[in-house]
Amino acid sequence: MGGSHFAVLQYDGTDFAGWQRQPDQRTVQAEIEAALRRLADAPTPCTAAGRTDAGVHARGQVISFELSRRWDGPDLTRALRALTPRDVWIVRSGPAPEGFHARRDAAARRYQYVIGTDAAAASPFRFRYEWYVPHALDPNALDAAAAHALGEHDFRAFAAVGQEKPHYRCRVTRATWATRPHGQGFIFTIEADRFLHHMVRFLVGTMTEVARARRPLDEFVNLLTSTDNQATSPPAPPQGLFLEHVSYPQLDEASDL
């Protein structure tokens, strides 16, 4: 007897056109569904907790899918690892509560954004995974901007245009900047109940402008009540962004989610 299953994925987004399946493009969803089709010997669609953009990485993407027979976790994980490409890694997988839906059931998502301010951030071993900003950034300004992002706001000013939503309100429960060791830059961590398209990248792009003293903090604060994104700074590039974790507190701990 089959049923609902889940998997937690990591992937390097560099060579993908994002998560979502697209014609004539290499996507994470297409690779995962190809693996599931071979495993199940039938078309097997999957749903992700969030649709990452081209170039964005994941350390904790969660997907849900239905299989015609029940797989235990270790066997399913080994099988999927054997069928996925080298830039995708199955962290764990297994049975999920019946009807589990990776997007609708998610209570919170956590992202990190990595900035490198030292010259070595442009090296071939780092530039695919961080944004090289060859300028001094004021950590106090970064912290002040992040503190204002906490709480529930209408993040319309930090959403990509053309992505109409019933509403633009998101509840941010964590927004912190941490200094990387050896003067390598900063890491921004943000957790919220939902995110808008390009929201984290717009926030980071605007906060770095504040930290470079290119715009005052008041402008950032005013954007949290703006009705458009015309005054928002350009978004930070995708390669510094990672989907870190998705929370499902209502699920049984035995599911290993």
Side-chain angles (χ1 to χ4, degrees), residues 50 52-53 55-60 107-122 126-160 168-247:
T52 53
D53 292 328
V56 174
H57 315 291
R59 295 191 183 104
R109 298 160 179 84
R110 184 173 72 244
Y111 283 87
Q112 284 192 338
Y113 195 95
V114 182
I115 291 178
T117 54
D118 61 317
R126 288 175 56 187
F127 80 93
R128 290 159 59 107
Y129 308 108
E130 55 193 271
W131 179 22
Y132 174 39
V133 179
H135 307 284
L137 299 178
D138 179 355
N140 294 323
L142 290 174
D143 290 341
H148 283 286
L150 281 169
E152 186 169 311
H153 303 282
D154 186 317
F155 284 93
R156 190 184 306 261
F158 298 97
Y168 293 81
R169 299 197 70 79
C170 305
R171 188 176 69 255
V172 176
T173 55
R174 179 180 179 185
T176 57
W177 285 92
T179 302
R180 300 171 67 190
H182 313 300
Q184 289 186 325
F186 302 89
I187 297 177
F188 178 57
T189 302
I190 183 168
E191 185 165 334
D193 59 343
R194 65 194 289 261
F195 286 90
L196 306 172
H197 192 213
H198 287 180
M199 175 176 155
V200 180
R201 291 169 56 194
F202 273 121
L203 284 168
V204 170
T206 307
M207 285 190 278
T208 55
E209 293 287 276
V210 173
R212 291 179 60 190
R214 296 185 64 172
R215 61 187 310 171
L217 177 62
D218 287 351
E219 289 187 3
F220 177 83
V221 176
N222 291 338
L223 286 171
L224 293 169
T225 58
S226 177
T227 58
D228 61 55
N229 70 354
Q230 297 305 302
T232 307
S233 300
Q239 73 272 10
L241 184 59
F242 294 77
L243 173 57
E244 286 289 313
H245 181 72
V246 186
S247 299

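Throughout, residue positions are numbered sequentially from 1 according to the sequence presented. In this text the structure is predicted, and so the values were computed from the model without any measurement.
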Ala211 to Ala141 - nearest heavy-atom pair and separation | CA-CB, 3.8 Å

Residue list, side chain to side chain contact (heavy atoms under 4.5 Å, CB included) with Ala108, at least two apart or on another chain | Glu191, Ser247

Ignoring hydrogens and geometry, is there a side-chain-to-backbone donor-acceptor pair from Thr206 to Leu203 under 3.5 Å?
-> no

Residue set satisfying side chain to side chain donor-acceptor pair (under 3.5 Å) with Arg180, at least two apart, ordered chain then number -> Glu130

Considering all heavy atoms of both residues, which atom of Pro216 and which atom of Val210 are nearest to each other, and what is their separation?
-> O-CG2, 4.0 Å

For side-chain contact (heavy atoms from CB on, under 4.5 Å), just list the numbers for Asp53 and Leu241, CA-CA rounded to whole Å, side-chain angles, deciding distance to a tenth of an Å, and then say yes or no.
-> CA-CA 10 Å; Asp53 292 328; Leu241 184 59; over 6 Å; no

Identify the heavy atoms of Pro237 and Arg201 that sit nearest to each other, and give their distance.
-> C-NE, 3.8 Å

Over all heavy atoms of both residues, which pair between Asp143 and Trp177 is shortest? Give the atoms and the distance, please.
-> OD1-CB, 3.7 Å

For the pair Phe188 and Ile115, evaluate side-chain contact (heavy atoms from CB on, under 4.5 Å) and give the outcome as yes or no after the intermediate values.
-> CA-CA 8 Å; Phe188 178 57; Ile115 291 178; over 6 Å; no

Residues which pass side chain to side chain donor-acceptor pair (under 3.5 Å) with Asp154, listed by chain and number, not counting sequence neighbours | none

Partner residues of Tyr132 under the ring pair (Phe, Tyr, Trp, His ring centres under 6.0 Å) criterion, sequence neighbours left out | none

Rounded to the nearest 0.5 angstrom, the CZ-CG distance for Arg171 and Asp193 is 4.5 Å

Spacing of Ile187 atom CD1 and Thr176 atom OG1 [to the nearest 0.5 Å] = 10.0 Å

List for me each residue that meets side chain to side chain donor-acceptor pair (under 3.5 Å) alongside Asn229, sequence neighbours excluded, and say none if there are none.
-> none

Residues which pass ring pair (Phe, Tyr, Trp, His ring centres under 6.0 Å) with His153, listed by chain and number, not counting sequence neighbours | Phe155

Nearest non-hydrogen partners of Gln239 and Phe127, listed with the distance | CG-O, 3.4 Å

Step-by-step side-chain contact (heavy atoms from CB on, under 4.5 Å) determination, Leu223 to Arg215 = CA-CA 12 Å; Leu223 286 171; Arg215 61 187 310 171; 4.2 Å; yes

Atom CZ of Arg214: over 12 foreign heavy atoms under 6.0 Å = no

Look up atom CZ in Arg194 and atom CE in Met199, then write down how far apart they are to the nearest 0.5 Å.
-> 9.0 Å

Among all residues two or more places apart in sequence or in another chain, which pass the ring pair (Phe, Tyr, Trp, His ring centres under 6.0 Å) test with Trp131?
-> none

For Asp118, all residues meeting side chain to side chain contact (heavy atoms under 4.5 Å, CB included), sequence neighbours excluded = Ala120, Ala121, Arg126, Gln184

Residue pairs, two or more places apart or on separate chains, that pass side-chain hydrogen bond (donor to acceptor under 3.5 Å, both in side chains) and touch residues 133-142 = His135-Arg212

Measure the spacing between CZ of Phe202 and NE2 of His197 and express it to the nearest 0.5 Å.
-> 9.0 Å

For Ala149 and Val172, which heavy atoms make the closest approach, and how far apart are they?
-> O-CB, 3.5 Å

Once you round to the nearest 0.5 Å, how far does CD of Gln112 lie from CD1 of Ile190?
-> 11.5 Å

All side chain to side chain donor-acceptor pair (under 3.5 Å) counterparts of Thr52, not counting sequence neighbours | Tyr11

Between Arg109 and Val246, is there a donor-acceptor pair closer than 3.5 Å when you use the side chain of the first and the backbone of the second?
-> no

Tell me, which pairs form a ring pair (Phe, Tyr, Trp, His ring centres under 6.0 Å) where one or both residues lie in residues 210-242, sequence neighbours left out?
-> His57-Phe242, Phe158-Phe220

Does the Arg128 side chain pair with the main chain of Gly55, one donor and one acceptor, at a distance under 3.5 Å?
-> no

Determine, step by step, whether Thr189 and Glu244 satisfy the side-chain contact (heavy atoms from CB on, under 4.5 Å) criterion, reporting the C-alpha distance in whole Å, the side-chain angles of both residues, the deciding distance to 0.1 Å, and the verdict.
-> CA-CA 9 Å; Thr189 302; Glu244 286 289 313; over 6 Å; no

Residues at least two apart in sequence or cross-chain that pass ring pair (Phe, Tyr, Trp, His ring centres under 6.0 Å) with Phe186, listed by chain then number, are none

